[in-house]
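Okay, structure first, notes after.
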Amino acid sequence: MPRVPTLRKGRPLGFAPDGSRPIAAGVEMVESSDGSGAVFLWGMAAWTWSASDVAGRRLAAVQLVATNSATAREVAAGFSVAEPTLWRWRDGYARDGVAGLLPKKKGPKRPSKLSEDKVTEITQLRRNGLSLRAIATRVGVSHDSVQRALGPSLSSTEAGSDQAQGLRPLAPPIDRVDERQAARAGMLDEAAPVITEGASLPLAGALSILPALVATGLLDVMADVYGAGRRVAGVRRAAFYGLRSLVLCVVFSCLVGEPRAEGLTRLDPVAIGRLLGLDRAPEVRRMRERLAELAEEDKSAEVFMDLARRHIDAHPEAIGLLYVDGHVRAYHGTAEVSKAHVARMRIAMPAEVDTWVSDRFGDGLLVWQAQPGASLTSELKVVCEKVRQLLGPGARPTICFDRGGWSPKLFAQLAKEGFDILTYRKAPLPREPKSSFHPVTFTDELGRSQDYLLSDRQVRISYDAGRRRFSCRQITRLDKDSGHQTQVLTTRADPDAGLLAYAMFSRWRQENFFRYMRAHYGLDALDAYETAPDDRGRLVANPARRDANRAVAEARRSLAQAEATQGKTALAGRLPDKEVADAFAAAQAEVDRLAEVARAIPAKVALAEVRPDAVRLDVERKRIMDAIRMATYNAESALARLVAPHYARAEDEARSLLHEIFKASADMEIVGTTLHVRIDPLSAPRRTRALAGLCAELTATKTCYPGTQLTLAYSVKER
């Protein structure tokens, strides 16, 4: 039967011809060697085209997305094109109909500026010894036009040396003293970016993140929520470093390996300043002051909700399945912070717990600080409230979580409220007979085959002391080597059990998100050292009751040991005398007394009675940093997906390749209204080729450098 490569519900109704390749659920494509082909929906031909019908082929791709038969990512992969190319096809079709899908005529679209008089003037200026850059400025044409006008008379060596002469190596940014004085005088809201043109500028490769970062909406959301940084607590605030430069400073610092504010002391301030369009990066003290001012607004939750809405609009195919888990941030300071279990360290220690929601690819969506002692079960209720706000009343998303959220009563409530669940079954686990398992093959979104031995049946789980039952579907995977059975519960009714098994076992994506963010983006950083009083009326375990229970347990252990010893004595033929019997009776009475004393002690008391100095870590400033880091991670993930078609080892090395790109030096040059970023070649030819492919993808987005009208164009320098 056709394979289903994404999380979609549907029932196969037919079969595609032999030799077809899957695109999405029920969508197959057949294409011959001469270029003709067809797209089948559930076995029926829906679109066909001949070898010369380029527009017909593109029309099939556009309408597959328009009719929701497949996602843009699936169609782009099936038609062997990049997603930006598919976007351009869709825009052309929406604007001009089928005519907008016809191949554009190559060549100039307007009359050339290189008239005979211009060519004569350029040639004469070159004979007078002017550089290509100076000639272009004098005549009013581009550098490339000058090269074309000179034609064969200009060697590649001359062109390269001229470019080197036109761009100053390691060019320092222009002095911004006047603007700093204006900011101190309260006359400047934010210093405008001024691009430093130069050759071999350190860390300029980090500018490659900008198209993906702009797509996340981070800068727009921060400007909308915080009023472009011009007002703090309702008061107009003058500053040299505005919101744009602060956000980008955090982004670029994360990309080059210093995600904490303190990391600015280990980075070249001039190098970061060039990326910001300023003369230098802010100092640590200034960065903290600005973040503290933003934290006073108490709007980080609004930032996350707006970012989530933009993410949902941009990636609707990734929101049908949401992963939920808690991340524990250990605290090593001296404040009286409540304890939590740190699974990776296998101890309980002072810590704060954050609840994270990720999309099906593992990219971050939402985060908030959980209440002390809150379980994943209680947090799932909060998750559903926030997700419902984002997706609306008609959506039925799937919430995937681990055994920490086990509660059949909650499962029934979530199903009633329009949510599907996907989780592991909690012990006791009844084993399935081996005869019930059958092989299932599932093809994931990357074209990899996942082979399972699965058993699929309906089960009923009791709750409320057996008075009620929750009916759901149980999918059990059998490990053929160890014989271990892993049981998954879900309320989804997809016909392909392999799809649901793959979704459950892909929870490692969120675990990888935590691991990567902790290592590269400072996920566990405090970012602020302020604390707030804990809820003094919150009920917590009573230490006196705990000590009393321990005393009872110790007394019972001692009595049991004594009884065991006396039993051995009796077996040896020595009967106990009255003194021994009285001692046992007294010991039992003492156990009963201790148990009665323990029962009289309240199990829980107000926090103020046992830990009056308890505090919570103030996370408002950290949440601002988390929003920037999460958006940066999501932008990096987008770049990793863009580079995948150009790099054979992208599955294993995409992010390491991006790290090399971010730290690479590059030339920056403004030509007309275009900012050219020419990145130095990388450590290996295959990596450089992948970079060239990525540069073409990024240039096609026509992204403007934030705060300017300069369109970014990326390329790779020749050695």
Side-chain angles (χ1 to χ4, degrees), residues 213 216-235 237 239 241-251 253-254 259-261 287-312 324 326-329 331 337 351-359 363-372 374 379 382-383 385-387 389-390 513-514 517-518 521-535 615-635:
L213 186 72
T216 66
L218 174 65
L219 293 171
D220 292 338
V221 167
M222 296 291 283
D224 292 342
V225 173
Y226 293 108
R230 297 179 180 179
R231 292 183 179 273
V232 176
V235 180
R237 173 78 189 198
Y241 295 104
L243 190 61
R244 178 199 63 84
S245 54
L246 292 175
V247 172
L248 289 181
C249 185
V250 176
V251 170
S253 299
C254 288
R260 295 173 172 84
M287 174 69 77
R288 286 177 175 165
E289 288 176 354
R290 292 289 181 265
L291 290 173
E293 291 167 358
L294 295 178
E296 292 177 7
E297 297 280 345
D298 195 22
K299 293 182 177 180
S300 63
E302 185 178 345
V303 170
F304 272 100
M305 290 297 284
D306 287 354
L307 283 175
R309 291 188 183 96
R310 289 176 179 261
H311 187 86
I312 291 169
V324 179
H327 177 72
V328 182
R329 293 184 292 113
Y331 173 72
V337 176
E352 291 283 0
V353 181
D354 297 330
T355 300
W356 280 89
V357 181
S358 302
D359 68 14
D363 292 346
L365 195 67
L366 287 173
V367 64
W368 59 88
Q369 187 180 31
Q371 291 298 320
E379 287 298 288
V382 183
V383 170
E385 292 174 2
K386 294 181 179 291
V387 169
Q389 293 178 28
L390 292 171
F513 170 81
F514 292 146
M517 289 283 287
R518 193 167 61 245
Y521 283 89
L523 181 63
D524 289 348
L526 287 178
D527 292 320
Y529 301 95
E530 290 82 1
T531 59
D534 203 342
D535 181 6
V615 297
R616 301 288 309 277
L617 297 180
D618 186 5
V619 297
E620 183 61 23
R621 196 189 313 181
K622 175 170 177 55
R623 285 294 168 258
I624 297 174
M625 293 288 286
D626 282 345
I628 301 174
R629 290 165 177 155
M630 184 189 75
T632 306
Y633 173 89
N634 292 349

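In terms of heavy-atom proximity, I628 sits nearest to V251 at CG2-CG2, 3.7 Å. Nearest heavy atom pair, residue S358 against residue G364, reads OG-CA, 4.3 Å. The shortest non-hydrogen separation linking A351 to V328 is CB-CG1, 3.5 Å. Minimum heavy-atom separation, M287 to A261: CG-CB, 4.2 Å. Closest heavy-atom contact between M630 and L365: SD-N, 3.6 Å.
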**OP:** Let me see the working for D626 and V619 under side chain to side chain contact (heavy atoms under 4.5 Å, CB included), right down to the final yes or no.
**Re:** CA-CA 10 Å; D626 282 345; V619 297; over 6 Å; no
**OP:** Report the C-alpha separation of D306 and D220 in whole Å, then their side-chain angles, then the decisive distance to 0.1 Å, and conclude whether the side chain to side chain contact (heavy atoms under 4.5 Å, CB included) test is met.
**Re:** CA-CA 10 Å; D306 287 354; D220 292 338; over 6 Å; no
Subject >> Criterion side chain to side chain contact (heavy atoms under 4.5 Å, CB included) on L523 and R629, from CA distance to verdict >> reply: CA-CA 8 Å; L523 181 63; R629 290 165 177 155; over 6 Å; no
Original post:
Yes or no on side chain to side chain contact (heavy atoms under 4.5 Å, CB included) for T531 and D618, after CA distance, side-chain angles and deciding distance?
Top reply: CA-CA 5 Å; T531 59; D618 186 5; 5.9 Å; no
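Qualifying side-chain contact (heavy atoms from CB on, under 4.5 Å) partners for Q389, counting only residues two or more places apart in sequence or in other chains: M305. For R616, the side-chain contact (heavy atoms from CB on, under 4.5 Å) partners are E352, Q369, Q371, P372, D534, not counting sequence neighbours. For R621, the side-chain hydrogen bond (donor to acceptor under 3.5 Å, both in side chains) test picks out E530, with sequence neighbours left out. Take E379 and apply the side-chain hydrogen bond (donor to acceptor under 3.5 Å, both in side chains) test, not counting sequence neighbours, and it matches T355, W368. In terms of the side-chain hydrogen bond (donor to acceptor under 3.5 Å, both in side chains) criterion, residue partners of R288 (sequence neighbours excluded) are, by chain and number, E262. Judged as a side-chain hydrogen bond (donor to acceptor under 3.5 Å, both in side chains), and not counting sequence neighbours, Y331 has no contacts.
Here the CG-OH distance, from L243 to Y226, works out to 8.5 Å after rounding to the nearest 0.5 Å. Distance check: D359 CG to L366 CG gives 11.0 Å after rounding to the nearest 0.5 Å.
Listed for the R260 side chain is no donor-acceptor partner under 3.5 Å among the backbone atoms of G522. Remark: the backbone N or O of A525 is paired with a side-chain donor or acceptor of K622 at under 3.5 angstrom. The closest donor-acceptor contact from the side chain of D298 to the backbone of E620 lies at 3.5 Å or more, if one exists at all. Panel note: side chain R290, backbone L246; no donor-acceptor pair is recorded below 3.5 Å.
Counting heavy atoms from C-beta on, the side chains of T216 and L213 come closer than 4.5 Å. The side-chain heavy atoms of I624 and M222, taken from C-beta on, include a pair separated by under 4.5 Å. Between V367 and V357 the shortest side-chain heavy-atom distance does not fall below 4.5 Å.
Between H327 and the choices W356, F514, F513, the ring-ring contact (aromatic ring centres under 6.0 Å, His included) rule is met once, by F514.
Here D354 pairs with R623 in a salt bridge; the nearest charged N to carboxylate O distance falls below 4.0 Å.
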